[in-house]
S.K.: 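Handing you this structure, nothing more for now.
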Amino acid sequence: MLDQNAATPLYEQLKLAIREGIKTGQFQPGTRLPSEAELEKLYDVSRITVRRAVKELCEEEILARKQGKGTFVLNSADISYKRLDRTVGGFHDSLVQEGKEATVDILEKSVIHVNPSYARDLKIDQEDDVVCLKRLMYADGVPVMIDTAYIPEKRFPGIYDKLEGNVALFRLMEQGYGVNLEHYYKVLKVRKATREMGRLLNCRVGDPMFDLFKITYNNMGIPQSISVSILKGEDTYYVISSEKEDRINQSGLSWKV
């Protein structure tokens, strides 16, 4: 039963409840979801609430409507897995919104001098110290992405010592340093998996991988960080839309990178 008195809107609670039902097997992938009337009775909500929740889950590619047949739970080959949208939000916050648990393992952390190209992109001198943070990102305990971030130390003094544990980098930049992250520049390439990628992401050496290069800017247009994210290319496709967000899709989850 949903909490009628909670601050979270009922349609958002219903979306999470349906997601949880899919996760626990109450609603099996490939099967028809209960009708609007059945969901209305099951969760004690209005028809408007049901329709909005189902509509948004269809837009997020968790559910799909089939003309004359009803609404179905998408199977693992169809469900949106990795979504790269136009907002600048981070991995942790995006997965929390999806009702998933985001965790990270820090693989490497060091202070380096970046190459001339990265220095130009970050608008710093090549001699400036840059914190290099390499992490393995998990969604509900499943390794899904290798992310290497480059953060100019002069823009985030003391950040090296704060990058510990299950750190949410963008949240730290915004809340810990008062930075307003508003814009980005991205380049998407395809590459072959190395032995390390295969070991960390449970794939084979030579498998196709997405290599996503991203520069994030503040509201003044000053570059704040560079990140290079590696994602498995299997069953993955990139969606570019002038009306909706850009997305990377693969089986099972959604988040921003």
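Because the structure is predicted, anything quoted here is derived from the model rather than measured.
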S.K.: Would you say I230 and V205 are hydrophobically clustered, going by side-chain heavy atoms of ILVMFWY under 4.5 Å?
M.R.: no
S.K.: Are the side chains of V54 and C58 in touch, meaning some heavy atoms are under 4.5 Å apart?
M.R.: yes
S.K.: Could you tell me whether Y217 and Y184 have their ring centroids closer than 6.0 angstrom?
M.R.: no
S.K.: Could you tell me which non-hydrogen atom of T8 sits nearest to which non-hydrogen atom of E12, and how far apart they are?
M.R.: CG2-CB, 3.7 Å
S.K.: What's the spacing between L122 CG and S117 OG if we round to 0.5 Å?
M.R.: 9.5 Å
S.K.: Rounded to the nearest 0.5 Å, what separation is found between the CG atom of D147 and the CE atom of M137?
M.R.: 5.0 Å
S.K.: As an exercise, state the distance from CZ of R19 to CD1 of I22, rounded to the nearest 0.5 Å.
M.R.: 7.5 Å
S.K.: Decide whether L42 and I48 are clustered together by the hydrophobic rule: side chain heavy atoms of Ile, Leu, Val, Met, Phe, Trp, Tyr closer than 4.5 Å, transitively.
M.R.: no
S.K.: What are the two closest non-hydrogen atoms of A17 and L2, and how far apart are they?
M.R.: CB-CD2, 4.2 Å
S.K.: What verdict does the side chain to side chain contact (heavy atoms under 4.5 Å, CB included) test give for Y160 and K109, after you've listed the backbone C-alpha separation in whole Å, the side-chain angles of each residue and the deciding distance to 0.1 Å?
M.R.: CA-CA 8 Å; Y160 180 92; K109 184 176 71 166; 3.5 Å; yes
S.K.: Please determine which of E174, E182, M173 meets the side-chain contact (heavy atoms from CB on, under 4.5 Å) test together with Q224.
M.R.: M173
S.K.: How about S225 and F156: do any of their side-chain heavy atoms sit closer than 4.5 Å?
M.R.: no
S.K.: With rounding to the nearest 0.5 angstrom, report the CG to NZ distance, D125 to K154.
M.R.: 5.5 Å
S.K.: State yes or no: do L169 and I106 share one hydrophobic cluster built from I, L, V, M, F, W and Y residues joined by side-chain heavy-atom distances below 4.5 Å, directly or via other members?
M.R.: yes
S.K.: When you group the ILVMFWY residues by side-chain heavy-atom contacts below 4.5 Å and let the links chain together, are Y118 and I112 in the same group?
M.R.: yes
S.K.: Which atoms form the tightest heavy-atom contact between V114 and Q126, and what is the distance?
M.R.: O-CG, 3.2 Å
S.K.: Is any side-chain heavy atom of S227 less than 4.5 Å from a side-chain heavy atom of T216?
M.R.: no
S.K.: Can you tell me how far CZ of R155 sits from CD1 of I124, rounded to the nearest 0.5 angstrom?
M.R.: 7.0 Å
S.K.: Any idea which heavy atoms bring M220 and N218 closest together, and the distance?
M.R.: N-OD1, 2.9 Å
S.K.: Just by modelled atom types, is the L10 backbone N or O under 3.5 Å from a matching donor or acceptor in the R52 side chain?
M.R.: no
S.K.: So which atom in V131 and which in L163 form the shortest heavy-atom distance, rounded to 0.1 Å?
M.R.: CG1-CD1, 3.7 Å
S.K.: Heavy-atom distance under 4.5 Å between the side chains of I62 and L74, does that happen here?
M.R.: no
S.K.: Does atom CZ of R204 have more than 12 heavy-atom neighbours from other groups under 6.0 Å away?
M.R.: no
S.K.: Could you please spell out the steps behind the side chain to side chain contact (heavy atoms under 4.5 Å, CB included) verdict for D128 and E153?
M.R.: CA-CA 8 Å; D128 288 348; E153 201 168 45; over 6 Å; no
S.K.: Would K232 and V144 satisfy side chain to side chain contact (heavy atoms under 4.5 Å, CB included), going step by step from the backbone distance to the final call?
M.R.: CA-CA 8 Å; K232 285 195 289 187; V144 292; over 6 Å; no
S.K.: If we ignore angles and hydrogens, is there a donor and acceptor under 3.5 Å between the side chains of N166 and T103?
M.R.: no
S.K.: Could you tell me which non-hydrogen atom of F72 sits nearest to which non-hydrogen atom of G70, and how far apart they are?
M.R.: CD1-O, 3.7 Å
S.K.: Can you confirm if the NZ or CZ of K189 lies within 45° of the ring axis of F213 and under 6.0 Å from the centre of its six-membered ring?
M.R.: no
S.K.: Do P34 and F27 come close enough that some side-chain heavy atom pair is under 4.5 Å?
M.R.: yes
S.K.: Report yes if some heavy atom in the side chain of I18 is under 4.5 Å from a heavy atom in the side chain of V73; otherwise report no.
M.R.: no
S.K.: Are H113 and D129 linked by a side-chain donor-acceptor pair shorter than 3.5 Å?
M.R.: yes
S.K.: Distance check, rounded to the nearest 0.5 Å: T71 atom OG1 versus L57 atom CG?
M.R.: 10.0 Å
S.K.: Taking the side chain as every heavy atom from C-beta outward, state whether R135 and I146 have any atom pair closer than 4.5 Å.
M.R.: no
S.K.: Is it true that E40 and R51 make a salt bridge, defined as a side-chain N closer than 4.0 Å to a carboxylate O?
M.R.: no
S.K.: Shared ILVMFWY cluster between L201 and L107, side chains joined below 4.5 angstrom?
M.R.: yes
S.K.: Applying ring pair (Phe, Tyr, Trp, His ring centres under 6.0 Å) to Y11 and Y43, what does each step give before you reach the verdict?
M.R.: CA-CA 11 Å; Y11 76 89; Y43 292 102; over 10 Å; no
S.K.: Within the structure provided, determine whether V104 and L136 are in side-chain contact (heavy-atom separation under 4.5 Å).
M.R.: no
S.K.: Give the intermediate values and the outcome of side chain to side chain contact (heavy atoms under 4.5 Å, CB included) for residues R65 and K55.
M.R.: CA-CA 9 Å; R65 287 193 176 98; K55 177 179 180 291; 4.3 Å; yes
S.K.: Can E20 and K15 be said to form a salt bridge (charged side-chain N to carboxylate O under 4.0 Å, His left out), step by step?
M.R.: CA-CA 9 Å; E20 185 63 24; K15 286 173 62 179; over 6 Å; no
